[in-house]
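Every chain is numbered from 1 and lettered A, B, ... according to where its sequence line falls, protein lines coming before strand lines. Heavy-atom basis, side chains included; hydrogens, waters and symmetry copies ignored.
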Number of protein chains: 2
Amino acid sequence: MAARASSKTSESSDKVSVICRALRRAIIEQALEPGAKLPEDALGERFGVSRTIARHALGQLAAEGLVELRRNRIAVVATPSWQEARDAFDIRIELERLVVRQLAGKLTKAQIAELNAHVDAEDRARGGTDAVSIRLATEFHILLAHMTNSPILVRYVSEVAYRCCLTLSLYSRPHSTECAINEHRAIIAALAKGDAAKVMELMHHHLDSVANRALVAPTPQRGRDLLDILAPYADEVTSNRVVKLPKIARRG
Amino acid sequence: MAARASSKTSESSDKVSVICRALRRAIIEQALEPGAKLPEDALGERFGVSRTIARHALGQLAAEGLVELRRNRIAVVATPSWQEARDAFDIRIELERLVVRQLAGKLTKAQIAELNAHVDAEDRARGGTDAVSIRLATEFHILLAHMTNSPILVRYVSEVAYRCCLTLSLYSRPHSTECAINEHRAIIAALAKGDAAKVMELMHHHLDSVANRALVAPTPQRGRDLLDILAPYADEVTSNRVVKLPKIARRG
DNA sequence: AGCGCTCCAATTGCATGCAGTTTGGCCTTC
DNA sequence: GAAGGCCAAACTGCATGCAATTGGAGCGCT
């Protein structure tokens with residue numbers, strides 16, 4: 001029997017949603033790097049909509065954590081700190097353990113075939129760019145979440161997976177995706193077999209190793225924002241009076 | 001040592017954010033029941049802003065799952081199905097186990113005092129309305145999440161806790177909050193003692209029992225939307241051709 | 001050069017206006 | 001009296017316009 005009865009969860013076809021999807025994809029494929037500016041005007045013009053719509057889309061993406069919004073400032077693609085990246089992975093591990101726990105032994109043959117087909121696609125994409133491989137790997141996890149047919153779970157897994165994607169582009173060294181693909185296959189096998197404990201363990205290990213491979217170390221030099229680095233020092237000052245520094249250069 | 005260095009995570013003071021906060025609170029205190037209509041005009045007038053802003057706020061709340069938005073239709077306070085409510089609690093259990101796992105043994109004396117003070121407040125509020133008790137209980141959990149100082153975790157725990165709040169107002173029988181308060185105290189004690197496994201178990205049991213006390217059973221009668229009830233039946237029909245019924249009366 | 005100042009283009013925050021869609025009542029018809 | 005069609009009011013989807021804020025170029029001073 002299928003994990004649950006099917007139901008639609010796709011986003012509506014508002015102009016706002018269209019822009020959200022486009023930006024989301026651009027971000028996770030690293031066409032837009034973390035820190036990239038996203039002026040409302042430019043987005044509106046690019047997508048043929050008014051600034052109102054672009055603004056609304058940015059609001060949605062900010063709610064998902066993909067975009068940072070500060071009052072009266074240009075929106076930028078989010079630049080998670082190393083710690084936030086690690087936190088995201090920790091949350092992701094728990095959520096996806098829940099996913100596979102619900103799914104173990106409950107998948108139809110068709111669903112298993114769909115999963116295998118996806119991993120095949122990942123395999124074929126191994127020659128391509130890293131960005132595509134990462135996107136496909138992420139989509140595998142989202143596909144799993146969809147099969148639980150819990151819209152809330154889908155939403156959270158998707159969001160946190162996208163965030164992880166984002167951090168991979170920030171902190172990851174060019175990494176081989178082969179073992180990840182094998183781990184995907186192992187997860188499918190354990191799901192089919194119905195061994196919940198085993199598949200939870202597999203998923204945990206899989207995500208943990210992806211995180212460890214990517215988040216090499218708290219390398220404060222690489223892509224970190226100066227203010228983040230100084231934050232712990234500033235915290236020791238009375239929070240109102242900010243330390244006066246000789247012109248802090250923020251990354252453009 | 002504190003769980004982590006402190007940092008601000010509060011929402012900005014946009015008009016949009018103000019409206020979001022107000023609506024969120026109104027919803028979780030059941031001033032706005034699930035299904036209540038939220039026309040943009042009315043909200044704008046009530047809060048002294050334009051429809052644009054009200055609309056944006058509704059978009060944010062929809063992203064949090066507190067509001068349902070359908071194209072060209074009046075926004076309504078979300079009406080989660082029983083299954084969605086159960087899913088929300090399942091996710092919440094995992095997230096909050098993560099919270100206490102990170103917090104066990106890492107709290108400062110000041111933080112423990114803050115937690116105790118909050119539970120004292122819960123105690124004092126026992127005479128008041130159920131809505132206030134539920135809100136305070138929820139805020140205890142959010143306070144815990146804040147102490148991890150992981151913004152992502154705070155966001156997810158808050159969201160899912162609010163959603164649970166919402167479902168409590170839908171499905172819960174008037175329930176006594178006393179045992180919940182005692183469980184909160186037990187969690188604080190275990191956190192102070194630093195017994196991670198124990199406190200995870202406590203949190204799991206606490207949330208599970210809240211869920212079980214509230215989500216008594218798949219009672220299709222109470223507050224459920226007629227279309228939800230009929231959904232499983234409709235699923236057995238070819239999905240395109242909808243069963244013709246003699247004028248379905250939706251809850252107004 | 002390096003630092004501080006002023007001013008203007010770029011950009012956001014928000015309200016309003018118009019067009020298209022839905023809703024709910026009324027009227028006709030059976 | 002019930003079913004169905006019609007129409008106005010209500011409401012949303014979206015673009016545009018205006019005021020306020022920002023940040024960076026240019027300029028003078030040390």
Side-chain angles (χ1 to χ4, degrees), chain A residues 11-23 32 35-63 67-79 225-227 242-252, chain B residues 11-23 32 35-63 67-79 225-227 242-252:
Chain A
E11 218 167 3
S12 67
S13 64
D14 279 344
K15 294 195 179 185
V16 173
S17 308
V18 173
I19 297 181
C20 277
R21 268 195 295 274
L23 286 179
L32 291 170
K37 292 183 181 177
L38 302 169
E40 298 172 359
D41 282 331
L43 293 180
E45 191 176 357
R46 187 68 191 79
F47 290 105
V49 298
S50 83
R51 217 159 52 74
T52 308
I53 304 307
R55 179 185 184 73
H56 201 101
L58 287 174
Q60 297 294 307
L61 292 173
V67 159
E68 280 166 16
L69 231 43
R70 276 149 51 206
R71 188 180 171 88
N72 282 320
R73 299 245 159 57
I74 300 179
V76 296
V77 176
T79 310
D225 192 288
L226 184 53
L227 289 189
V242 170
V243 199
K244 168 99 178 205
L245 288 180
K247 191 104 173 186
I248 293 184
R250 294 199 63 131
R251 47 204 316 265
Chain B
E11 219 166 1
S12 69
S13 64
D14 277 344
K15 295 195 179 185
V16 173
S17 307
V18 173
I19 298 181
C20 278
R21 268 195 296 272
L23 286 179
L32 291 170
K37 292 182 181 177
L38 302 169
E40 297 171 359
D41 283 331
L43 293 180
E45 191 175 357
R46 185 70 191 78
F47 289 104
V49 298
S50 82
R51 216 160 52 75
T52 308
I53 304 306
R55 179 185 184 74
H56 201 103
L58 287 174
Q60 297 294 305
L61 292 173
V67 161
E68 280 165 15
L69 232 42
R70 276 150 51 207
R71 187 177 173 87
N72 282 320
R73 298 249 158 60
I74 300 180
V76 296
V77 176
T79 311
D225 192 287
L226 183 54
L227 289 190
V242 170
V243 199
K244 170 103 176 201
L245 289 180
K247 193 110 174 180
I248 293 184
R250 296 199 63 132
R251 48 205 314 264

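Comparing the start and finish of the helix from C:dA1-D:dT30 to C:dC30-D:dG1, five pairs each, the helix axis swings through 10°, to the nearest 10 degrees.
The residue among A:I53 and B:L58 whose nearest nucleotide of DNA chain D lies closer to the 5′ end is B:L58. Residues B:P39 and A:T52 both approach DNA chain D. Their nearest nucleotides, taken by heavy-atom distance, put B:P39 toward the 5′ side.
Summarising the geometry, the separation between CD on B:E40 and C1' on D:dA10 is reported as 12 Å, rounded to the nearest angstrom. Atom-to-atom, CD of B:E45 to C1' of C:dT16 comes out at 15 Å; the value is rounded to the nearest Å. C:dT12 atom C1' lies 10 Å from atom CG of B:D14, rounded to whole Å. One can place CG of B:D41 at 19 Å from P of C:dT21, the figure rounded to the nearest angstrom.
Looking at A:L61 and A:L38, their side chains never come closer than 4.5 Å, going by heavy atoms from C-beta outward. No side-chain heavy atom of B:V67 sits less than 4.5 Å from a side-chain heavy atom of B:L23.
Taking side-chain N and O atoms only, A:R71 has no distance below 4.0 Å to OP1 or OP2 of C:dT12. The shortest distance between the side-chain N/O atoms of B:R55 and the OP1/OP2 oxygens of D:dG13 is below 4.0 Å. Contact annotation: B:K37 side-chain N/O to D:dA10 OP1/OP2 distance is not under 4.0 Å.
When heavy atoms are screened at a 4.0 angstrom cut-off, A:R51 is found touching base atoms of the nucleic acid.
Of the candidates D:dC11, C:dC14, D:dG13, D:dG13 carries the atom nearest the B:N72 side chain, counting heavy atoms from C-beta on. The side chain of A:I74 lies closest to C:dT12, out of D:dA15, C:dT22, C:dT12.
Closest heavy-atom contact between B:L69 and B:A62: CD2-CB, 3.7 Å.
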